[in-house]
Amino acid sequence: HAALSRRYVLCEVVSEDPRCRQCIEDRALGLAVRDAIARVHGDYGLACCSISFTGAGGTGGPGGAGSLRVRSPVRVSPAVKYLNAYTGTVLLRCRKDSYRLLCSALPFVRYLESRAQRYPCFLNTLHVGGTIRTCQKFLIQYNRTQLLRLLQNCTNEEERQCIQKSLLSCSLTEEQSQSGDEEEDDGTE
């Protein structure tokens with residue numbers, strides 16, 4: 001399956017406007033990413049990444065309570081495999097041979113457009129992995145680290161207990177491995 005080798009780019013949407021996360025849609029995010037690729041890499045980059053965005057892929061089934069839900073490739077923006085508007089977490093999929101083009105264009109996403117509104121933001125790349133599962137594992141560890149930082153800044157015992165409860169609930173369910181989209185490629189990440 002070397003021709004189907006993929007990379008998954010885990011990002012977070014960072015914005016000072018709280019309305020931005022409430023209005024994030026996978027279609028708008030996919031269009032913003034494609035626009036950034038076209039501006040940075042021109043027609044060549046757009047063609048490479050468009051092929052990888054619409055490449056063959058399985059339709060992942062719904063995950064468990066704590067797992068990532070995988071999007072169907074039938075969507076307008078198949079590069080967006082997972083989007084959590086509440087946390088601003090985004091998982092993009094592309095072919096292994098074009099992930100550097102994608103990653104180099106992400107800093108040029110400057111806003112998301114939704115319902116005729118533009119929300120200034122940027123995408124912070126957190127991790128690039130060869131499988132969805134490695135991105136899940138990274139995200140769990142990343143969230144634990146963020147929660148520990150919050151724990152250190154607690155002002156009262158109620159906040160402390162709430163964050164400690166969140167820390168203990170961080171886990172990865174085995175149900176995700178049932179997804180048909182979880183292909184190991186050459187083992188490098």
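Since the model is a prediction, treat every value here as computed from it, not as a measurement.
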Item to check | Distance in Å, L92 CG paired with L123 CG, rounded so as to fall on 0.5 Å steps | outcome: 7.5 Å
Next on the checklist: What verdict does the side-chain contact (heavy atoms from CB on, under 4.5 Å) test give for T89 and L83, after you've listed the backbone C-alpha separation in whole Å, the side-chain angles of each residue and the deciding distance to 0.1 Å?
Outcome noted: CA-CA 6 Å; T89 305; L83 172 64; over 6 Å; no
Checklist entry - Are Y99 and I37 linked, directly or through other ILVMFWY residues, by side chains that come within less than 4.5 angstrom of each other? => result yes
Next on the checklist: Please determine whether residues V13 and V128 belong to a single hydrophobic cluster, defined as Ile, Leu, Val, Met, Phe, Trp and Tyr linked transitively by side-chain heavy-atom distances below 4.5 Å.
Outcome noted: yes
Next on the checklist: side-chain hydrogen bond (donor to acceptor under 3.5 Å, both in side chains) for R149 and Q152? Distances and angles first, verdict last.
Outcome noted: CA-CA 5 Å; R149 286 184 185 150; Q152 293 172 349; over 6 Å; no
Checklist outcome for this item: Taken to the nearest 0.5 Å, the spacing of R6 CZ from R95 CZ works out to 10.5 Å
Checklist entry - Does T155 have any side chain to side chain contact (heavy atoms under 4.5 Å, CB included) partners at least two apart in sequence or in another chain, and if so, which? => result E159
Next on the checklist: Measuring only between side-chain heavy atoms, which start at C-beta, is N84 closer than 4.5 Å to Y82?
Outcome noted: yes
Side-chain donor-acceptor pairs of residues 105-113 under 3.5 Å, sequence neighbours excluded:
residue, atom, partner, partner atom, Å
Y111, OH, R118, NH2, 3.0
E113, OE1, R118, NE, 3.4

Next on the checklist: Counting neighbours of CG on D43 that are heavy atoms of other residues, nucleotides or ligands and sit closer than 6.0 Å, is the number greater than 12?
Outcome noted: no
Checklist entry - Within the distance-only criterion (no hydrogens, no angle test), does the side chain of T131 pair as donor or acceptor with the backbone N or O of T134 below 3.5 angstrom? => result yes
Checklist entry - CG of D26 to CG of L91: how many Å apart, nearest 0.5 Å? => result 12.5 Å
Checklist entry - Just how far is it from atom CZ of R144 to atom CG of L151, taken to the nearest 0.5 Å? => result 13.5 Å
Item to check | From CG (L139) to CD (Q146), nearest 0.5 Å | outcome: 10.0 Å
Item to check | From L29 atom CG to C121 atom SG, the distance as rounded to the nearest 0.5 Å | outcome: 8.0 Å
Next on the checklist: Looking at S15 and P120, would you say the former's side chain and the latter's main chain have a donor-acceptor pair under 3.5 Å?
Outcome noted: yes
Next on the checklist: Can you confirm whether V90 sits close enough to E12 that some side-chain heavy atom of one is under 4.5 Å from a side-chain heavy atom of the other?
Outcome noted: no
Next on the checklist: Would you say CD of E16 has more than 12 non-hydrogen atoms from neighbouring residues, nucleotides or ligands within 6.0 angstrom?
Outcome noted: no
Checklist entry - At their closest point, which heavy atom of G130 faces which heavy atom of R7, and how far apart are they? => result CA-NH1, 3.3 Å
Checklist entry - Can you name the salt bridge (charged side-chain N to carboxylate O under 4.0 Å, His left out) partners of R39, sequence neighbours left out? => result D35
Next on the checklist: If I compare all heavy atoms of C135 with all of L10, which pair ends up nearest, and what's the gap?
Outcome noted: O-CD2, 3.8 Å
Item to check | Closest contact, heavy atoms only, L101 versus H41 | outcome: O-NE2, 3.4 Å
Next on the checklist: Using the rule given for side-chain contact (heavy atoms from CB on, under 4.5 Å), can you reason through L126 versus C11, listing the C-alpha separation, both sets of side-chain angles and the distance that settles it, and then say yes or no?
Outcome noted: CA-CA 5 Å; L126 300 174; C11 305; 5.8 Å; no
